[in-house]
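Residue numbers begin at 1 in each chain, while the letters A, B, ... track the order of the sequences.
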Amino acid sequence: MNDDIFAHLRGLIVAALGRILPDLPAEAFSKVVVEPPREASHGDMATNAALVVGKAAKLPPPKLAAQLAEALASLPEVAEATPAGPGFVNIRLEEGFLRAVVPLVLRRGEAFGEGAPKPGRVNLEYVSANPTGPMHVGHCRGAVVGDALAGLLSKAGFDVTKEYYINDAGAQVQALAWASFWRYLEALPRDAHGLWEEGADEAARKAAVEARYGVQLQYGGHYLLPVGQALAEAHGSALLEPSEANLLLIRRFAVERMMEEIRADLAALGVRHDVFVSEAALIEAGKLEEAEARLAAQNLIYRGVLEPPKGKTPEDWEPREQTLFRATDFGDEVDRPLRKSDGSGTYFANDIANHLHKLERGFTQLLHVWGADHGGYVRRMQAAVAALSSREVPLDVVLAQIVHVVKDGQPVRMSKRAGTYVTLADLIEEVGKDAVRFTMLTRKSDAQMEFDLDLVVQQSRDNPVFYVQYAHARARSVLRAAGDPAASELEGADLSHLSDPAELGLIRRMASWPRVVEGAAAAREPHRIAFFLNDLAGDFHLLWNKGKDDTALRFIQDAAPEATKARLALVSAMAVVIRSGLGVMGVTPVEEMR
RNA sequence: GUCUCCGUAGCUCAGCAGGAUAGAGCACCAGAUUCCUAAUCUGGGGGCCGUGGGUUCGAAUCCCGCCGGGGACACCA
């Protein structure tokens with residue numbers, strides 16, 4: 001049997017309907033849904049089968065529902081099936097069938113909930129922070145959402161490659177090179193260049209470099225100081241002349257160091273990508289020209305002048321002839337420039353090369369996690385991928401809204417200048433990787449969220465991180481007290497001892513884990529996992545609390561070894577499902593609190 | 001002006017590819033509890049699901065208009 005008892009029942013229902021209506025084609029049943037009814041008193045499951053099939057069968061749904069209910073009632077899995085409302089069938093499962101979820105979970109372990117392998121290969125790109133400095137909290141949500149989404153898709157049976165695109169070409173890394181050059185000069189003895197007076201402060205040194213070389217130093221961060229030091233140690237004064245070759249060397253060196261830092265930040269967050277793709281390497285390999293040629297071959301490129309943007313026109317706007325891509329053929333609002341008026345490639349063109357590179361590696365589904373400020377970029381990228389793949393490979397983008405960090409009820413401003421620049425490393429150090437990851441997933445990713453530094457470390461019901469971890473720790477504490485019985489030993493327990501509504505409720509919740517995985521993966525909404533775990537923890541805490549009042553409901557009953565064994569099986573299975581869910585989220589379960 | 005996301009309880013948010021009487025936590029009210037199975041528990045009040053239409057057996061959910069809010073809008077990355 002499949003892990004998912006809802007899918008199992010759906011199969012039985014479709015089969016039963018097929019016997020009642022032998023002439024109906026299979027696709028008539030495609031909209032049949034089996035789900036837990038909102039109202040618990042309606043039973044364990046409900047199906048809309050009679051409603052959605054009624055029209056094709058030319059039968060009034062209530063009548064069909066009655067027939068279906070009768071057929072289902074004779075199944076061994078089903079205790080009771082009753083037609084209801086406009087054509088639903090409510091199903092109450094045999095308790096034995098429901099309870100069988102417990103040994104199933106124990107047998108499958110944390111693999112419980114895994115979906116059947118899905119065809120195709122998914123490429124999921126996320127983070128892709130520019131290699132111009134350490135990661136800050138703004139990058140954090142995308143990193144967590146992307147990583148959890150990757151975990152979720154894998155769990156659901158997809159073959160997922162986690163990719164990081166390094167923006168190591170273009171103006172920003174050139175600015176990084178200049179800033180590194182400045183820090184390099186500072187690391188040398190002053191008389192090596194004589195650009196500033198002895199004792200000149202940082203602003204003066206910066207101004208001297210800007211004046212001497214006619215550049216603007218955009219990156220002033222102190223994180224470049226060690227880069228300058230290392231350059232001075234490795235090359236002495238050999239790089240004093242900022243020639244093209246020297247700047248290239250410095251750029252590569254700085255990018256490498258920044259990527260090391262970013263990888264360290266990601267590792268601290270528990271994020272590991274499978275592949276790092278370099279923009280500069282793609283350009284060197286000629287991917288840009290290749291992509292352009294592909295588009296040109298389809299007559300999708302032309303020289304043209306774009307209209308001024310609607311609304312407020314920029315003051316310096318002037319018509320310019322550029323190389324344009326016919327994005328409008330693929331649903332975009334305007335055609336998009338591939339080359340600037342000076343003939344150099346746009347970022348968009350490079351990104352097309354990036355996507356061509358993905359397609360060439362055989363991915364059949366492309367996914368991105370982007371910040372919401374990139375929302376306007378989605379259409380054109382989808383247009384490009386559609387053009388390059390003959391509309392066969394879909395590109396989907398999950399947008400992550402901004403996170404406001406709050407402490408003591410006050411927003412924590414992100415300002416490099418004011419020195420309140422919150423790096424990802426700072427955040428992780430303050431509250432821990434697991435709290436960061438879990439909390440980032442307690443909101444839908446396209447909704448703005450507040451990250452309350454005080455709340456995430458609070459040990460109370462209000463803090464879902466704590467609440468879920470606490471449930472696991474409690475379960476583990478019970479199992480330890482019982483001598484940590486092996487799963488194989490618990491599988492044989494006589495589960496008929498589990499009859500309290502709270503116990504059965506917990507089993508029902510666990511039973512829904514596979515369909516939560518399936519649904520969340522299909523919707524690309526990893527936050528659903530966090531909500532599920534919160535609910536599961538709630539069910540477990542409820543049972544625990546009943547045991548506080550009524551000692552007969554406690555898990556360990558010295559006088560009743562069989563009942564104890566059954567309950568330990570339940571507790572153990574619950575802990576397995578929590579671990580399974582936390583595993584998807586990349587959060588480490590705790591054995592005990594503190 | 002165009003595109004896009006959003007509008008659900010006093011607050012913060014869920015609502016699972018259209019389903020039955022719309023949920024949770026906080027806050028509020030009422031009880032219980034000081035027990036290491038610790039870091040509370042049980043119950044209760046509270047909603048024109050922004051608004052007006054449409055689609056259909058059925059809409060918080062899908063479509064259109066309006067109102068209100070966030071974000072993005074030539075050659076930046």
Side-chain angles (χ1 to χ4, degrees), chain A residues 31 33 35-39 41-42 46-48 51-52 54-55 60-62 84-88 90 130 132 167 169-173 175 279 305-314 316-324 332-342 344 346-348 350-351 371-379 399 401-402 442-444 446-450 452 455 458-464 466-467 470 474 477-478 481 512 515-516 518-520 522-523 525 527-528 530-532 534-535 538 541-549 551 553-556 593-594:
Chain A
K31 288 178 76 180
V33 170
E35 59 189 351
R38 197 179 325 210
E39 187 65 41
S41 64
H42 289 151
T47 181
N48 62 355
L51 284 162
V52 296
K55 188 173 271 181
F88 291 98
N90 292 326
N130 286 341
T132 51
N167 293 125
Q172 291 203 9
V173 283
E279 180 183 11
V305 178
L306 287 174
E307 298 280 305
K310 305 283 188 292
K312 51 175 192 283
T313 304
D316 60 345
W317 190 88
E318 55 183 58
R320 282 195 271 257
E321 199 188 53
Q322 299 177 283
T323 303
L324 301 171
D332 203 356
E333 302 153 52
V334 292
D335 290 340
R336 302 291 181 175
L338 289 180
R339 291 187 181 275
K340 303 176 203 173
S341 46
D342 67 5
S344 62
T346 59
Y347 178 83
F348 176 52
N350 289 357
D351 218 5
D373 55 342
H374 284 62
Y377 195 69
V378 174
R379 284 253 179 97
L399 294 179
Q401 270 286 359
I402 198 163
T442 54
R443 291 284 115 91
K444 223 171 2 186
D446 58 13
Q448 288 185 26
M449 86 177 290
E450 279 197 357
D452 187 332
L455 176 61
Q458 218 174 85
Q459 305 212 336
S460 74
R461 177 74 189 86
D462 317 354
N463 177 7
F466 168 79
Y467 194 65
Y470 188 29
R474 271 182 160 172
S477 125
V478 169
S512 70
R515 65 185 297 279
V516 169
E518 199 70 29
E525 292 185 344
H527 76 278
R528 290 190 197 175
F531 281 91
F532 170 80
N534 203 45
D535 290 343
H541 288 306
L542 177 75
L543 181 56
W544 182 286
N545 291 329
K546 282 180 99 170
K548 287 209 280 189
D549 285 345
T551 54
L553 274 174
R554 296 191 176 192
F555 302 116
I556 298 175
M593 298 315 290
R594 190 193 297 261

Tabulate protein N/O versus nucleotide N/O from nucleotides 39-47 of chain B, keeping only pairs under 3.5 Å, one per line.
from, atom 1, to, atom 2, distance (Å)
B:rA39, OP2, A:R474, NH2, 3.3
B:rA39, N7, A:Y470, OH, 2.3
B:rA39, N3, A:Q459, OE1, 3.4

Taking the [atom1] atom in each of [N] and [M], what is the distance between them to the nearest angstrom?
N      : M      : atom1 : answer
B:rC62 : B:rC49 : P     : 16 Å
B:rA9  : B:rU56 : C1'   : 30 Å
B:rC41 : B:rC13 : C1'   : 24 Å
B:rG58 : B:rG19 : P     : 14 Å
B:rC36 : B:rC28 : P     : 28 Å
B:rU55 : B:rA17 : P     : 26 Å
B:rC16 : B:rA59 : P     : 16 Å
B:rG25 : B:rU61 : C1'   : 23 Å

Looking at A:N350 and B:rA77, is any side-chain donor or acceptor paired with a base atom of the opposite kind under 3.5 Å? no
Distance from [X] atom [atom1] to [Y] atom [atom2], nearest 0.5 Å?
X      : Y      : atom1 : atom2 : value
A:T442 : A:L455 : OG1   : CG    : 8.5 Å
A:Q172 : A:N167 : CD    : CG    : 7.5 Å
A:R339 : A:L324 : CZ    : CG    : 12.0 Å
A:H527 : A:R443 : NE2   : CZ    : 10.0 Å
A:E35  : A:N48  : CD    : CG    : 7.0 Å

Please work out if [X] contacts a base, only the sugar-phosphate, or nothing of the nucleic acid, heavy-atom cut-off 4.0 Å.
X      : value
A:E318 : base
A:N130 : sugar-phosphate
A:P86  : base
A:L399 : nothing
A:A481 : nothing
A:A520 : nothing

Whole angstrom value for the distance that separates [atom2] of [N] from [atom1] of [X]:
X      : N      : atom1 : atom2 : value
A:K444 : B:rA24 : NZ    : C1'   : 15 Å
A:E525 : B:rC5  : CD    : P     : 13 Å
A:R443 : B:rU8  : CZ    : P     : 13 Å
A:L455 : B:rC11 : CG    : C1'   : 14 Å
A:D535 : B:rA14 : CG    : P     : 13 Å
A:D373 : B:rC76 : CG    : P     : 16 Å
A:F532 : B:rA24 : CZ    : P     : 18 Å
A:F531 : B:rG15 : CZ    : C1'   : 10 Å

OP1 or OP2 of B:rC75 versus the side-chain N and O atoms of A:R320: is any pair under 4.0 Å? no
Is any side-chain N or O of A:R379 closer than 4.0 Å to OP1 or OP2 of B:rU4? yes
Between [options], which nucleotide has the shortest distance from any of its atoms to the side chain of [X]?
X      : options                : value
A:R528 : B:rC57, B:rG15, B:rC76 : B:rG15
A:D446 : B:rA14, B:rC5, B:rG19  : B:rC5
A:L306 : B:rC16, B:rA74, B:rC57 : B:rA74
A:N90  : B:rA74, B:rA20, B:rC76 : B:rA20

I'd like a list of close polar pairs between nucleotides 67-70 of chain B and the protein, N/O only, cut-off under 3.5 Å.
from, atom 1, to, atom 2, distance (Å)
B:rG70, O2', A:Q448, NE2, 2.8

Under the criterion of centre distance below 5.5 Å and interplanar angle below 30°, is A:H374 classified as stacked on the base of B:rA72? no
Stacking between B:rA20 and A:F88, yes or no? Criterion: centroid separation under 5.5 angstrom, plane angle under 30 degrees. yes
Which residue lies toward the 5' end of RNA chain B, A:S477 or A:Y377, if each is placed at its nearest nucleotide? A:S477
5′-ward residue of the pair A:I556/A:V52 relative to RNA chain B: A:V52
Between A:R528 and A:E525, does at least one N-O distance fall below 4.0 Å, as a salt bridge requires? yes
Regarding A:N130 and A:T132, is there a side-chain donor-to-acceptor distance under 3.5 Å anywhere? no
Under a plain distance cut-off of 3.5 Å, with no hydrogens placed, do A:N350 and A:E279 share a side-chain donor-acceptor pair? yes
Residue pair [X] / [Y]: nearest heavy atoms and the distance that separates them:
X      : Y      : value
A:L399 : A:G375 : CD1-CA, 3.8 Å
A:R515 : A:P36  : NH1-CD, 3.4 Å
A:T47  : A:V33  : OG1-O, 3.0 Å

Would you call the rings of A:Y377 and A:F348 parallel, tilted or perpendicular, taking 30° and 60° as the class edges? perpendicular
Quick check on A:E321: does its CD atom have over 12 non-hydrogen neighbours (other residues, nucleotides or ligands) under 6.0 Å away? yes
Under 6.0 Å between ring centres: does that hold for A:F88 and A:H42? no
Show me the dot-bracket string of RNA chain B, counting Watson-Crick or G-U pairs under 3.5 Å, with | for pairs to another strand and [ ] for crossing ones. (((((((..((((.....[...)))).(((((.......))))).....(((((..]....))))))))))))....
Side chain A:S341, main chain A:R320, donor-acceptor under 3.5 Å: no
